[in-house]
Amino acid sequence: MRFDVLTLFPEMFSGYLGQSLLKKALDAGLVHIKVHNLRDWATGKHRQVDDRPFGGGPGMVIKVEPTVAAVEAVQAADGQQPGKIILLTPQGRTLTQRVIEQLSESPRVLLLCGRYEGFDQRIVDILRPDEISIGDFVLNGGEVAAMVLIDALVRLVPGVLGDEQSNVDDSFSSGNRWLESAQYTRPREFRGHVVPEILLSGNHEEIARWRKEQSYERTRQRRADLLPDAGDPERAPLAPDSADNRGNEPKT
C-alpha cells in the first residue's frame with residue numbers, strides 16, 4: 001500500500017515513520033510512504049501557499065493553485081495509478097474502523113493535511129476528495145490526523161502484524177464490532193488482584209465463550225450504542241450464550 005502525504009510541515013513525519021510496526025512495514029516493502037511539501041508547488045518570490053480570506057475574518061486560507069498543482073503532480077508521478085484523495089478536516093465524515101476497512105481496499109492513498117483556517121473551497125470542488133474527520137475536535141493541522149489514519153490502515157496490510165487474527169478480533173473490527181474483552185499477563189496476582197481462573201484453565205472453548213461474554217458486558221457498560229437495537233430498550237439483546245456473567249470478573 002502506498003501513501004502520499006501533502007503537508008506544509010513534512011518534518012513532522014520523520015520521527016513517526018521511524019518507529020515500531022510502521023518502520024518494519026516500510027523496511028519490508030509492505031508499505032510505501034512519501035511526504036511532499038506543498039510549498040514546492042508555490043510560485044512567486046516568497047512561495048506563498050496561503051492568503052487572507054475573502055469577506056474578512058481571522059486566519060489564513062490555503063490557496064487553490066499550489067494545492068491542486070501539487071495533487072495533480074503527485075498523482076502523475078512514478079507511473080502510479082492516481083489513488084484515492086483524502087482531505088483531513090473536522091467537517092468530514094467520522095473515521096471509524098468500518099471506514100478504515102473500506103479505505104484499505106485502495107492500493108494508493110493521498111492525504112491532504114490542512115492548516116490555518118483550512119483549504120480554499122475550490123480545492124474540494126475540483127479534486128473531490130473524501131473528507132474525513134478523526135473526531136469532533138479541532139487540531140492545529142491535519143498532520144496528526146494523517147498519522148492516525150496511516151496507523152490504522154497499516155494494521156490491515158497483510159504481513160504487517162505478527163498475528164493476522166489481531167486485526168480481526170480488535171475492538172470495532174470485522175470479527176468483533178464490540179469492545180474487546182480485558183487482557184491479562186504475568187504475574188497471576190498483583191496487590192490482591194488475580195487473573196480470572198478461566199484464563200488459566202487451558203479450555204479454549206470456555207475461554208472464547210468467556211471473552212465473548214466479557215466483550216458484550218464491557219460494550220454494554222461503556223458503548224451501548226455499538227449493540228444491536230441500542231436505541232430500543234425493549235429489543236436490546238441479552239449477553240451472548242449467557243445473561244449471567246457472575247463469577248467471571250477478576251477477583252480482588
Side-chain angles (χ1 to χ4, degrees), residues 19-22 25 86 88 90 92-105 130 132-139 144-252:
Q19 303 297 322
S20 190
L21 285 175
L22 181 54
I86 295 176
L88 287 315
R93 60 174 177 148
T94 302
L95 185 65
T96 65
Q97 188 64 27
R98 291 179 189 269
V99 172
I100 289 294
E101 291 165 6
Q102 295 168 5
L103 297 177
S104 70
E105 299 175 3
D130 186 352
I132 289 181
S133 166
I134 64 169
D136 294 340
F137 50 88
V138 179
L139 301 171
V144 172
M147 293 178 195
V148 168
L149 197 148
I150 291 171
D151 226 51
L153 280 171
V154 164
R155 293 176 55 81
L156 301 188
V157 175
V160 171
L161 298 180
D163 185 344
E164 296 299 326
Q165 191 65 24
S166 295
N167 62 33
V168 176
D169 294 336
D170 283 339
S171 298
F172 315 116
S173 299
S174 58
N176 177 32
R177 294 301 182 189
W178 300 343
L179 301 183
E180 190 175 8
S181 62
Q183 300 283 0
Y184 299 87
T185 187
R186 293 180 180 86
R188 293 188 178 188
E189 183 275 338
F190 182 73
R191 295 185 179 179
H193 294 258
V194 299
V195 176
E197 287 296 326
I198 185 65
L199 299 178
L200 309 175
S201 69
N203 188 327
H204 297 294
E205 183 178 343
E206 288 300 315
I207 290 172
R209 180 178 300 165
W210 181 88
R211 284 176 170 161
K212 189 175 183 181
E213 292 172 351
Q214 293 302 303
S215 175
Y216 172 88
E217 187 61 22
R218 177 169 287 202
T219 305
R220 186 186 66 82
Q221 292 176 355
R222 303 182 183 188
R223 287 293 306 277
D225 58 293
L226 297 175
L227 297 173
D229 303 312
D232 185 353
E234 296 299 322
R235 298 181 62 194
L238 295 176
D241 300 322
S242 172
D244 186 355
N245 296 323
R246 288 176 295 179
N248 291 328
E249 293 297 330
K251 298 176 182 178
T252 57

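Rounding to the nearest 0.5 Å gives a distance of 7.0 Å between CD1 of I132 and CD1 of I100. Of the inter-residue distances, the one linking Q183 atom CD with R211 atom CZ reads 5.5 Å to the nearest 0.5 angstrom. To the nearest 0.5 angstrom, R155 atom CZ is 7.5 Å from L21 atom CG. Residue W178 holds its CH2 atom at 14.0 Å from CZ of R218, rounded to the nearest 0.5 Å. Going from atom CG of L149 over to atom CD1 of I86 covers 5.0 Å, rounded to the nearest 0.5 Å.
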Next item on the list: Could you check L156 against Q97 for side chain to side chain contact (heavy atoms under 4.5 Å, CB included), going step by step and ending with a plain yes or no?
Entry: CA-CA 10 Å; L156 301 188; Q97 188 64 27; 4.2 Å; yes
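Around atom CZ of R93, more than 12 heavy atoms belonging to other residues, nucleotides or ligands sit under 6.0 Å away. Annotation: E189, atom CD; neighbour count of heavy atoms from other residues, nucleotides and ligands within 6.0 Å is above 12.
Using a 4.5 Å heavy-atom cutoff, the side chains of L139 and L88 are not in contact. No side-chain heavy atom of R186 sits less than 4.5 Å from a side-chain heavy atom of V195. For the pair L226 and R177, the minimum side-chain heavy-atom distance is 4.5 Å or more. Residues T96 and V99 are in side-chain contact: their nearest non-hydrogen atoms beyond the backbone lie under 4.5 Å apart.
Using bins of under 30°, 30° to 60° and over 60° for the plane-to-plane angle, the ring pair Y184/W210 lands in the tilted bin.
The backbone N or O of S215 lies less than 3.5 Å from a partner atom in the side chain of T219, making a donor-acceptor pair.
The minimum heavy-atom distance linking A25 with V160 is given by the pair CB-CG2, 3.9 Å. Contact record, G92 with S133: O-CB, 3.7 Å, taken as the closest heavy-atom pair.
One finds a salt bridge joining E217 and R220 here, because a Lys/Arg side-chain nitrogen approaches an Asp/Glu carboxylate oxygen to under 4.0 Å.
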